[in-house]
Amino acid sequence: PLIVHLRERVAQEAQRRPHIHNHDQEEDKAEYWRIEEIEKVEGSYDAYLARLLIEPVITEFTARRIEKNQLNKLWKIYQNMEAAVKNKDLKKYQQEDLNFHMELAKESYNAVLYKIFKDIMDLIGFNLWDAYRIWPEDSQSVLRSLNDHKILLNLIENNSPVLAKSKME
């Protein structure tokens, strides 16, 4: 039942964002998360679908509950991501991206959601070698990812939890 629901969610996303499933469009080549790419990573597809469901909720919780010093932690991770891009260090960027999402979940101040998210990320098996298929170095995907993180942080900082949730969807 959960997997059926998750697959329905992906179908809805495909209708809402048809470029996810259309590799003929140039815009799609710049996407840093493509369901087709995730499917190539052994054993991660269902966990990734679960992540699509839970991460927007976590983001909203975090945006409602985060304190300034915790927000500063997220900005510091973002700065590390910027430095990694500047230094063309994709492995460092990928590690900082994972740190960002784990810290975002931690700052939801909901131990159950954090544990579920951590378990999902463990199931995804997000090894760096897998990430090269998700973030190709020869595209604008890393820059788009970086920009998305900055927009998300600004929404959280400006106390816009609903918009932050929507951005994560």
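Residues Ile58 and His101 form no side-chain contact, since every pair of their non-hydrogen atoms from C-beta on lies 4.5 Å or further apart. Between Lys92 and Asn87, the closest side-chain pair of non-hydrogen atoms is not below 4.5 Å. Counting only heavy atoms from C-beta outward, the side chains of Gln95 and Asn80 never approach each other to under 4.5 Å. Using a 4.5 Å heavy-atom threshold, the side chains of Ile66 and Leu74 count as touching. Between Leu153 and Leu71 the shortest side-chain heavy-atom distance falls below 4.5 Å.
Note that CG of Leu113 is 15.0 Å distant from NZ of Lys118, once rounded to the nearest 0.5 Å. Note: Asn72 CG to Ile77 CD1 = 11.5 Å, rounded to the nearest 0.5 Å. To the nearest 0.5 Å, the span separating CD on Gln94 from CG on Leu98 amounts to 10.0 Å. We find the CG-OH distance between Leu152 and Tyr78 to be 11.5 Å, quoted to the nearest 0.5 Å. In this structure, the separation between NZ on Lys106 and CD on Gln70 is 8.0 Å, given to the nearest 0.5 Å. Once rounded to the nearest 0.5 Å, the distance linking OH of Tyr109 with OG1 of Thr62 reads 9.0 Å.
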(request) Please report the C-alpha distance between Asp119 and Lys115 in whole Å, then the side-chain angles of each, then the deciding distance to 0.1 Å, and finally whether the salt bridge (Lys or Arg N to Asp or Glu O under 4.0 Å) criterion is met. (result) CA-CA 6 Å; Asp119 289 348; Lys115 169 95 170 82; 3.0 Å; yes
(request) Could you give me the CA-CA distance, side-chain angles and deciding distance for Leu104 and Phe117, then say whether side chain to side chain contact (heavy atoms under 4.5 Å, CB included) is met? (result) CA-CA 10 Å; Leu104 188 71; Phe117 187 74; over 6 Å; no
(request) Begin from the C-alpha positions of Lys165 and Phe61 and carry the test side chain to side chain contact (heavy atoms under 4.5 Å, CB included) through to its verdict. (result) CA-CA 9 Å; Lys165 177 185 177 185; Phe61 268 67; over 6 Å; no
(message) Applying side chain to side chain contact (heavy atoms under 4.5 Å, CB included) to Asp97 and His149, what does each step give before you reach the verdict?
(response) CA-CA 9 Å; Asp97 180 62; His149 286 80; 2.6 Å; yes
(request) Would you sort out whether Glu60 and Arg64 count as a salt bridge (Lys or Arg N to Asp or Glu O under 4.0 Å), showing the intermediate values? (result) CA-CA 6 Å; Glu60 183 178 11; Arg64 292 184 188 282; 2.8 Å; yes
(request) Go through the steps to decide whether Tyr114 and Glu107 satisfy the test side chain to side chain contact (heavy atoms under 4.5 Å, CB included), and finish with yes or no. (result) CA-CA 9 Å; Tyr114 177 73; Glu107 298 310 327; over 6 Å; no
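Ile151 and Val142 fall into different hydrophobic clusters, where Ile, Leu, Val, Met, Phe, Trp and Tyr residues are linked whenever their side-chain heavy atoms come under 4.5 Å apart, directly or through other members. Residues Val162 and Leu52 do not share a hydrophobic cluster, clusters being chains of Ile/Leu/Val/Met/Phe/Trp/Tyr side chains in contact below 4.5 Å. Taking hydrophobic clusters as Ile, Leu, Val, Met, Phe, Trp and Tyr residues chained together by side-chain heavy-atom distances below 4.5 Å, Leu155 does not share a cluster with Met81. No continuous path of ILVMFWY side-chain contacts below 4.5 Å connects Leu163 to Val57, so the two sit in separate hydrophobic clusters.
Between the Asn154 side chain and the Lys150 main chain, a donor and an acceptor come within less than 3.5 Å of each other.
Closest approach of Ile156 and Ala164 over heavy atoms only: CG1-CB, 4.0 Å. Taking both residues in full, the closest heavy atoms of Ile124 and Ala47 are given as CG1-CB, 3.6 Å, listed atom of the first, atom of the second, then distance.
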